[in-house]
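Heads up: the structure comes next, in structure tokens.
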Amino acid sequence: MEDVNKLALAEQKRILEEEYSWLLQTPRKKTEEGGGLPPLPNAVEGKVVTRFAPNPDFVIHLGNARPAILSDEYAKMYKGRMILRFEDTDPRTKKPMKEAYDLIKEDLRWLGVVWHEEYIQSLRMEVYYNIIKEMIKRGCAYIDLCKESSRELLRKGEYCQTRDNPPEWHLEQFEKMLNREYYEGEAVVRIKTDPKHPNPSIRDWVALRIIDTEKYPHPIVGSKYWVWPTYNFAVSVDDHLMGVTHILRGKEHQVNTEKQLYVYKCMGWEPPTFIHFGRLKLEGFIMSKSYIRRLIEENPDKFLGFDDPRFGTIAGLRRRGILPEAIREIILTVGIKPGDAKISWKNLAATNRKLLDPIADRIMYVEDYIKMTVKSPTCLHGRIPYHPDRPERVRKIMVCGGDNVFLQKADIEKYDELRLLGLGNFRVNREKNELELISTELEYARSRKLPIVQFVPERGAVNVKVLIPEGLELKVKEGLAEPALLEYSVDDRLQFMRYGFVRIDKIGEKNGKIYNVIYTHS
RNA sequence: GCCGCGGUAGUAUAGCCCGGCCCAGUAUGCGGGCCUUUCGAGCCCGUGACCCGGGUUCAAAUCCCGGCCGCGGCACCA
């Protein structure tokens, strides 16, 4: 080593290249495959099993989409399987929303996530009961009858004296819990960890507790069960039984991982590989499920629902006009690093725009418009392509002398001469609100660098209402579009020329059709 | 407060594990140009970052220590 280092750098390099070129070959074969994700640790092709495990208490948002998409992507990359599991074991404080089960699946399908198995935890209660009985027999779990005082004891590094009773006693008590001989708070099942563990939440954590389902019925299983597993217990059992090999989740689960390991150890199960990534924020959007819920409940007239385009829910982004591929692309570039990521709206919009541009037809729309009369000795026939990449697909627009057209007021104020897109070049007469035809050749406009502006003929103009989400505001603008808009229906995405991309949200009826569109981005 | 994890341009990310190919790559944004029947797209040029301070070393974004800042957890929630 010393010898080598005495040589000049260039010399070192030369020798390296000549004699050890094989070392340089594939030192780091970059991530490219699989959309740029780094390889998954401990992964074997064909054997990888991932899972996405949402709580069906509400629809999912962009932050939830991260583990879903990453799990999907890795399962695909290694030709493995992915599991969808609904974690609905708290009918009391995180009461599941009955519709959420289907809404989440709809969002996942839309995102292109493919899952091979599907489970609902509230339908697997017997499984958890059986495992905990085994753990009690093995002396890894116990029934705590100290009620509130156990919390205090554990805080001091002590524990409820029932902990030392023999397994048989605990088994009996567990049956009593199941038979509803105990009420909420009177008995819990704890996993024996270390009562002096530096992290107090890890000390003998609770595996099952009683929830009065007569009072808090579960939307799927009603009042059938009295004893419910906690998240940490149900997750450990299911991840093992379902053969999950890789768990991708946020760093808020780091401590949970440590708790869950006690179950694996007691049962002699091999733990999966855990990967924790940072939090994901979307700048300017509300992501918190509980906050969104509250906003909707408190202002039912101000918000359009959980899919309001101002929300960071998947449904909201979809309604806004964001494409699923854009969401996936963003999540893949963010990757699995442990640091937090704050995605800027500009970045998401740019990614989306790149995908939208080739598929969105172009339509002319004006807002803050002014009516102008065309002065022309003849009728003008415009042929305007729906999309610049496909010039053969055109609509025809005819404007004759004396016809009225609507233009953006700003264009009229700013330019003395301009070209109406596809039609001809005009001189602006502001006194008379007239447009005097100069010529029709594009060359004229080019050579004189005239602006080429959109316009809407008065005849057949379609009413449009544009909803513009801006933070917590939803601005509403009204304008007019050319008749070609009538060829499109709800959910179609368009570009209003010189205005921005929009998604058709609703088509109403009010003195003819009125199109409600949502402004996606510029 | 206690435990844990992070800090690369406006934003996101690569490189950090295995120190020299990095006066730091890419995308987006921003500025300029070209092209174009859109203020969109595309192409070209430019702009701009290793949190701070020590240490180890011939050599540090990369290793070590300290500080600062940010985030997560501390439930009979998930």
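Letters A, B, ... mirror the listed sequences (proteins, then strands); counts begin at 1. A quick note: this is a predicted structure, and the numbers were derived from the prediction, not measured.
Between C71(B), G29(B), U38(B), one nucleotide has an atom nearer to the side chain of Lys346(A) than all others, and that is G29(B). When distances run from any side-chain atom of Ser344(A) to the nucleotides G10(B), C77(B), A12(B), the shortest one goes to G10(B). Picking from G42(B), U38(B), G72(B) the nucleotide with the shortest atom distance to the side chain of Pro388(A) gives U38(B). Nearest nucleotide to the side chain of Arg498(A), out of U38(B), C77(B), A14(B): U38(B). Candidate nucleotides C76(B), C5(B), G40(B) were compared by shortest atom distance to the side chain of Phe501(A), and G40(B) ranks first. Of the candidate nucleotides C74(B), U13(B), A78(B), U13(B) has the atom lying nearest to any side-chain atom of Lys337(A). Minimum atom distance to the side chain of Leu421(A) is reached by U38(B), of the listed G73(B), U38(B), C5(B).
Asn347(A) comes within 4.0 angstrom of a base, heavy atoms only. Base contact: Lys94(A) has a heavy atom under 4.0 Å from a base atom. Counting non-hydrogen atoms under 4.0 angstrom, Val188(A) reaches a base of the nucleic acid. Heavy atoms of Gln495(A) sit under 4.0 angstrom from at least one base atom. As judged by a 4.0 angstrom heavy-atom cut-off over every strand, Asp357(A) is placed among the base-contacting residues. No contact: Ser522(A) has no heavy atom under 4.0 Å from any strand. Counting any heavy atom pair closer than 4.0 Å across all strands shown, Gly339(A) reaches sugar-phosphate atoms only and no base atom. Residue contacts for His276(A): at a heavy-atom cut-off of 4.0 Å it reaches no nucleic acid atom on any strand shown. As judged by a 4.0 angstrom heavy-atom cut-off over every strand, Asp88(A) is placed among residues making no nucleic acid contact.
Comparing C22(B) with G31(B), their P atoms are spaced 30 Å from each other, to the whole Å. Nucleotides U28(B) and G48(B) have their C1' atoms positioned 13 Å apart, rounded to a whole Å. Taking the C1' atom of each, C30(B) and C39(B) are spaced 16 Å apart, rounded to whole Å. Rounded to whole Å, the C1' atom of G15(B) lies 15 Å from the corresponding atom of C63(B). Nucleotides A60(B) and C50(B), compared at atom C1', are 11 Å apart to the nearest Å. The P atoms of G19(B) and A27(B) are separated by 29 Å, rounded to the nearest whole Å. Atom P of G53(B) sits at a distance of 24 Å from the matching atom of C71(B), rounded to the whole Å. One P atom belongs to G40(B), the other to G33(B), and the distance between them is 14 Å to the nearest Å.
Remark: Lys342(A) is not in phosphate contact with A12(B), judged by side-chain N or O atoms under 4.0 Å from OP1 or OP2. Applying the 4.0 Å criterion to OP1 and OP2 of C77(B), one finds that Arg209(A) has a side-chain N or O inside that range. A sub-4.0 Å separation between OP1 or OP2 of A41(B) and a side-chain N or O of Arg353(A) is present. Between A75(B) and Arg151(A), no contact under 4.0 Å exists linking OP1 or OP2 to a side-chain N or O. Residue Ser201(A) places no side-chain N or O under 4.0 Å from the OP1 or OP2 atom of C3(B).
Judged purely by distance below 3.5 Å, without hydrogens or angles, the side chains of His197(A) and Glu258(A) pair a donor atom with an acceptor atom. Donor-acceptor pairing under 3.5 Å is recorded for the side chains of Asp88(A) and Tyr101(A).
Distance, Arg203(A) CZ to C2(B) P: 14 Å, rounded to whole Å. Rounded to a whole Å, the NE2 atom of His521(A) is 15 Å from the C1' atom of G29(B). The CZ atom of Arg249(A) sits 17 Å away from the P atom of G72(B) (whole-angstrom rounding). To the nearest angstrom, P of C76(B) lies 18 Å from CH2 of Trp228(A). A straight line from CG of Asn199(A) to C1' of G1(B) spans 13 Å, rounded to a whole angstrom. A straight line from CG of Asp340(A) to P of C69(B) spans 17 Å, rounded to a whole angstrom. Separating the CZ atom of Arg390(A) from the C1' atom of A41(B) is a distance of 12 Å, rounded to the nearest angstrom. Summarising the geometry, the separation between CZ on Phe52(A) and C1' on A78(B) is reported as 12 Å, rounded to the nearest angstrom.
Looking at heavy atoms from C-beta onward, Leu241(A) lies in side-chain contact with Arg124(A) at the 4.5 angstrom threshold.
When the options Phe455(A), Phe496(A), Phe501(A) are evaluated for a ring pair (Phe, Tyr, Trp, His ring centres under 6.0 Å) with Tyr365(A), the one that passes is Phe496(A).
Lys215(A) and Glu184(A) are not joined by a salt bridge, as no carboxylate oxygen comes within less than 4.0 angstrom of a charged side-chain nitrogen. Salt bridge Asp361(A)/Arg395(A): absent, no basic N to carboxylate O contact under 4.0 Å. Under a 4.0 Å N-O distance rule, the pair Glu283(A)/Lys346(A) does not qualify as a salt bridge.
For the pair Glu283(A) and Ala350(A), nearest-nucleotide mapping onto RNA chain B gives the more 5' position to Glu283(A). Ranked by how close their nearest RNA chain B nucleotide is to the 5' end, Pro338(A) and Lys259(A) are led by Pro338(A).
Taking the six-membered ring where tryptophan is involved, the planes of Trp345(A) and Phe285(A) are tilted, since the angle between them lies from 30° to 60°.
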Given Watson-Crick or G-U pairs with both distances under 3.5 Å, what dot-bracket string fits RNA chain B, with | for other-strand pairs and [ ] for crossing? (((((((..((((......[....))))((((((.......))))))...(((((..]....))))))))))))....

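In this structure, CZ on Arg419(A) lies 9.0 Å from CG on Leu450(A), to the nearest 0.5 angstrom.
Every pair passing side chain to side chain donor-acceptor pair (under 3.5 Å) that includes a residue from residues 225-236 of chain A is listed here, sequence neighbours excluded: Glu126(A)-Tyr225(A), Tyr231(A)-Arg249(A), Tyr231(A)-His253(A), Asn232(A)-Asn256(A), Asn232(A)-Gln260(A).
Aromatic pair Tyr519(A)/Tyr499(A): centroids less than 6.0 angstrom apart.
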